[in-house]
> 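Handing you this structure, nothing more for now.
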Amino acid sequence: MREMILKAVANPPKILWGPFLPTLLNIGLQFPIMFMFIGLGDVNPLFFVVSIILVHGVIVMAGAKEPHLSTMIQAFGQTNRATTNLYKVKGKKFEP
């Protein structure tokens with residue numbers, strides 16, 4: 001049991017050498033945009049293939065610098081929500 005936890009912490013999941021979440025976001029955003037541009041504007045798909053590869057290269061380099069990039073994005077999404085405060089203050093507070 002302990003080995004599995006240490007392995008998950010030491011080796012975060014990757015897709016094609018890039019962090020899991022940014023890679024999925026790249027593919028999930030660029031593929032629908034590519035198909036819309038091809039269908040509506042008859043654009044050459046080679047432009048989008050090159051774009052996907054270049055952005056993925058940037059994601060791989062960012063993942064090499066910070067391997068836990070997916071976890072950081074998930075943690076930011078959980079902490080960046082507005083809270084309702086009992087008393088009036090400026091900004092976001094973590095009081096109930």
Side-chain angles (χ1 to χ4, degrees):
M1 181 77 170
R2 182 174 244 170
E3 293 174 11
M4 292 173 56
I5 294 171
L6 292 176
K7 184 177 180 183
V9 170
N11 299 323
K14 295 185 180 288
I15 297 177
L16 296 174
W17 305 285
F20 189 75
L21 189 60
T23 302
L24 285 182
L25 287 173
N26 178 34
I27 293 171
L29 289 175
Q30 289 206 32
F31 268 104
I33 292 171
M34 176 179 72
F35 289 126
M36 284 190 294
F37 272 69
I38 290 171
L40 296 175
D42 198 31
V43 178
N44 188 358
L46 188 60
F47 168 74
F48 289 101
V49 171
V50 170
S51 171
I52 289 170
I53 291 171
L54 288 176
V55 173
H56 184 71
V58 170
I59 291 171
V60 168
M61 286 190 294
K65 184 176 181 183
E66 179 57 58
H68 297 281
L69 195 59
S70 295
T71 309
M72 290 171 54
I73 292 172
Q74 290 172 350
F76 177 76
Q78 292 174 1
T79 59
N80 192 27
R81 59 174 71 132
T83 60
T84 55
N85 297 324
L86 294 175
Y87 50 91
K88 197 170 188 105
V89 293
K90 288 184 179 179
K92 296 179 184 175
K93 303 293 181 190
F94 286 108
E95 288 89 14

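Source: prediction; values computed, not measured.
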> In Å, rounded to the nearest 0.5 Å, how long is the span from CG of Asn26 to CD1 of Ile52?
6.5 Å

> Same cluster or not: are Ile38 and Ile27 linked, directly or through other Ile, Leu, Val, Met, Phe, Trp or Tyr residues, by side-chain heavy atoms under 4.5 angstrom apart?
yes

> If you measure from CG on Leu25 to CD1 on Ile59, what distance do you get to the nearest 0.5 Å?
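Reported to 0.5 Å precision, the distance equals 8.0 Å.
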
> Using the rule that two of Ile, Leu, Val, Met, Phe, Trp, Tyr join whenever any of their side-chain heavy atoms come within less than 4.5 Å, decide whether Phe37 and Phe31 are in one cluster.
yes

> If you compare all heavy atoms of Ser51 against all heavy atoms of Gln30, which two are closest, and at what distance to 0.1 Å?
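Smallest interatomic distance, heavy atoms only, reads OG-OE1, 3.1 Å.
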
> Taking the side chain as every heavy atom from C-beta outward, state whether Val43 and Phe48 have any pair of such atoms under 4.5 Å apart.
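With C-beta onward as the side chain, the pair touches.
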
> Any chance you could measure His56, atom NE2, to Leu16, atom CG, to the nearest 0.5 Å?
5.0 Å

> Grab the two heavy atoms, one from Pro19 and one from Pro22, that are nearest each other, plus how far apart they are.
O-CD, 3.6 Å

> Phe20: which residues meet the ring-ring contact (aromatic ring centres under 6.0 Å, His included) condition with it, sequence neighbours left out?
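Phe20 satisfies ring-ring contact (aromatic ring centres under 6.0 Å, His included) with no residue once adjacent residues are dropped.
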
> Can you hop from Val55 to Val49 via hydrophobic side chains spaced under 4.5 Å?
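Val55 and Val49: separate clusters.
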
> Grouping I, L, V, M, F, W and Y whenever their side-chain heavy atoms are under 4.5 Å apart, do Leu24 and Ile33 come out in a common cluster?
no

> Drop me the distance from Asn44's CG to Met34's CE, to the nearest 0.5 angstrom.
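Separation between the atoms: 11.0 Å.
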
> Do the side chains of Val58 and Val60 join up, straight or via other hydrophobic residues, at under 4.5 Å, putting them in one cluster?
no

